[in-house]
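Take a look at the structure set out below.
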Amino acid sequence: MANLPILQFEEQIVETVERNPVVVIIGETGSGKSTQLSQILHKRGYTKSGRAIAVTQPRRVAAVSVSRRVAQELGVRFGEEVGYAIRFEDRTSEKTCIKYLTDGVLLRESLSNPELNQYSVIILDEAHERSLNTDILLGLMKRLIKIRSTNLKVLITSATLDGEKVSRFFSNCPILNVPGKLFPVEIRYSSERPTSYLESSLKTAIAICANNFALSEIHVREPEGDILIFMTGQDDIEKLVKKLEERVQSLEEGSCMDAVILPLHGSLPPELQASLVRVFSPPPPNCRRFIVATNIAETSLTVDGVVYVIDSGYVKQRQYNPSTGMYSLDVVPISRVQADQRAGRAGRTRPGKCYRLYTSTVYHEDLMGATVPEIQRSSLAGTVLYLKSLDLPDIDILKFDFLDPPSTEALEDALKQLYLIDAIDENGSITSIGQTMAELPLEPSLSRTLIEANEYGCLSQALTVAAMLSAETSLLPGTSKSTDKKRKHEPSDLPDGSGWGDHIQLLQIYELWDQRNYDVEWCKDNNLQVRGMKFVRDVRKQLSQIMQKIAKGSLDVRTNGRRKESQEDYRNLRKSLCVGYANQLAERMMRHNGYRTLGFKPQLVQVHPSSVLKTDEEGMLPNYVVYHELISTTRPFMRNLCAVEMRWVMPILKKLEKLNITKLSGGSVRSEEQTKGENPSLPEKEVGVATPDDRESRIQAARDRFLSRKTKG
DNA sequence: GAGCACTGC
């Protein structure tokens, strides 16, 4: 602790904080900023007023581990003067004066106390990662320091590259630089410019082995030290691991040290991830580890003993397209910040080397400086609802002051979605339903479903579905090909959704687990991740409590125990889902099983093959479905579907027709041309017909199709 | 008949 670079800057930091409401601290890995800043300010009396110092972290584990260390350094009992708060866990007390929390928890706190008066200092740590939540907090902080100019200090820690930008955002606030404790890392570039992703990502695996570049060079010639290889995904990792194993076996025995090759990615069970990171530390003599990893090793996991890094230069990134309402998972080039972060992984224990599988020209001229922040890659329905629920008097959502504002299109997309599920009215004002929805830690469609389900008497089932969907990705174990085949040979005993679709199946699975008294073995027998299922149980409990608080009375939130759900229960649940997912409806097309989404931008989509949705005797899928998510991979797919009835869809289409984005967005920031097309003085129906806007006419067409079908039936 | 990087309330 005494050696931490940041301590030499203590006086300077204190003085600067004293004179300025906002300070940016640039501190590289190992500077000690996460553990020391809070302690320094605590010692200088910033907690004397009875207000605490809050330090946000983007990840739960960081909040826990850093707070634990701080408590130890200060010699206080953990959970008293120093504590942490993450979802499901609040280890703080009345006495707590240094509180570590995830940025999501701070956002929740600011919902009930918008001025965050319980804090004298708010430190946004790791702000350079630009998580969606951190970005919202940055905007809120800018506002908050104006209101609480006398008794609030905000500190933002950032990486080297965008410190200037953050400073400009906060009226050119001072920037302090604190050196890190990294060892020098020598960078080596590839001499050839990769021509395509195919070549660089999938074939880098081969290139590494075949071309005598990087890998054989390191393993045969370089001294001890583990090698960390950054790839994009599980598939590439498995291929590369196999190739490396072949290569290593072909090496002459005794010509170099032993090698162990290990994959590291998010689909591995967490226990395995953790143990892998610690395997052989310290490593046995004369043995080298090759760790082939996704960007999980960039920030989330630190592998000890890495001296060499091989960087493919690519990353798999999920992005949302507001003009189609669709997510896609793309392999994209990393940013320079990311490249530096990867290289830094080689210099944690001693001087290291980083081999970049791209040229220095690519690094300097082609790569973007920083990664596109999450807020510009996500659907903003939840974010907009959150901001609206804060009811900030001076704020127009479309003009909210973000460090990097999302596009108008993305914001308008969010407004339309919120309007369709009754969270905001036609003028864009939050409704009482919307206010309730914002209280729930769920995406808006699921919050809306819960509220509707409460009306229909199927809240318990809806709670389960919402909780299951929140954890969905962590339910199934890593999909290695072998387990997949196994499943095909002996179909699992898990329920199938009774033909109604995936939401119902998720409900049935949880009900079964509930009947087995949450038996861990049952999960294992049915190939479900125990941790995932426990998470579902926690989420469900949290949601039940919030719903009961909102309703101010006791609701029936119990699971059904041994009673079997009836078709009537399923029907009510599906009806609630239809209301909640009003912005995510699709209609089957005539005579085949393709679908067209119903909304502002109709898309041709298909049922994801993983769905349990059933066809009827004639082999046809349901006429109408709601979907949880549109994801474009090889083709556009709907994931997690549930059959709904035509008559439930009707009122939604009517509402869709009335939608007027000018009014929704508060009448601001519309270009003249757009305003002309939606002239509010014209009768609404004529607008629908007269507008040249393709979207409008398609909506009309969707409604016409619906009406004609109804008369036929 | 397809495949999923990583977080978080």
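Letters go in sequence order (proteins before strands), and every chain restarts at 1.
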Value in whole Å for how far the [atom2] atom of [N] lies from [atom1] of [X]:
X	N	atom1	atom2	answer
A:L106	B:dT7	CG	C1'	17 Å
A:Y314	B:dC4	OH	C1'	20 Å
A:I86	B:dT7	CD1	C1'	13 Å
A:D538	B:dC9	CG	P	12 Å
A:L469	B:dC9	CG	P	18 Å
A:L329	B:dC4	CG	C1'	6 Å
A:N593	B:dG1	CG	C1'	13 Å
A:Q542	B:dG8	CD	C1'	11 Å

Which of the following nucleotides, [options], is nearest to the side chain of [X]?
X	options	value
A:N295	B:dC4, B:dG3, B:dC6	B:dC6
A:T633	B:dG3, B:dC9, B:dC6	B:dG3
A:S300	B:dG8, B:dT7, B:dC4	B:dT7
A:P609	B:dC9, B:dG1, B:dA5	B:dG1
A:R639	B:dA5, B:dG8, B:dC4	B:dC4
A:Q234	B:dC9, B:dA2, B:dA5	B:dA5
A:P441	B:dA5, B:dC9, B:dG3	B:dC9

Base, sugar-phosphate, or nothing for [X], non-hydrogen atoms under 4.0 angstrom?
X	value
A:R59	sugar-phosphate
A:V105	sugar-phosphate
A:L107	nothing
A:L132	nothing

Exercise. Starting at the 5' end of DNA chain B and moving along, which residue's nearest nucleotide shows up first, A:T102 or A:R318?
Worked result: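 Upstream on the strand: A:R318.
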For this session: Hey, which sits more toward the 5' end of DNA chain B by its nearest nucleotide, A:I631 or A:S610?
Result: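 Per heavy-atom nearest nucleotide, the more 5' residue is A:S610.
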Problem set entry | Atom pair CD1/CZ of A:I86 and A:R60 - distance to nearest 0.5 Å |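 Spacing of CD1 (A:I86) from CZ (A:R60) equals 3.5 Å.
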For this session: Using the salt bridge (charged side-chain N to carboxylate O under 4.0 Å, His left out) rule, take A:D422 and A:R448 through it: C-alpha gap first, then chi angles, then the decisive distance, then the call.
Result: CA-CA 8 Å; A:D422 316 307; A:R448 183 70 184 90; 2.9 Å; yes
Exercise. Looking only at side-chain N and O atoms, does A:S131 come under 4.0 Å of OP1 or OP2 in B:dG8?
Worked result: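 It does not, given that no N or O in the side chain of A:S131 lies less than 4.0 Å from OP1 or OP2 of B:dG8.
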Exercise. Between B:dG3 and A:T634, is there an OP1 or OP2 to side-chain N/O distance shorter than 4.0 Å?
Worked result: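 Indeed, a polar side-chain atom of A:T634 lies that close.
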Problem set entry | SB check A:D404 A:R130 (cutoff 4.0 Å) |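 The answer is yes: the pair qualifies as a salt bridge.
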For this session: Return the minimal non-hydrogen interatomic distance between A:T92 and A:G83, and the atom names on each side.
Result: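 Closest pair (atom of A:T92, atom of A:G83, distance): CG2-C, 4.1 Å.
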Problem set entry | A:S445: side-chain contact (heavy atoms from CB on, under 4.5 Å) partners, not counting sequence neighbours |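 In terms of side-chain contact (heavy atoms from CB on, under 4.5 Å), with neighbours along the sequence ignored, A:S445 is linked to A:E443, A:Y581, A:Q584.
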For this session: Hey, could you give me each pair passing salt bridge (charged side-chain N to carboxylate O under 4.0 Å, His left out) that has a residue in residues 101-113 of chain A? Not counting sequence neighbours.
Result: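 Only A:K99-A:E109 qualify under salt bridge (charged side-chain N to carboxylate O under 4.0 Å, His left out).
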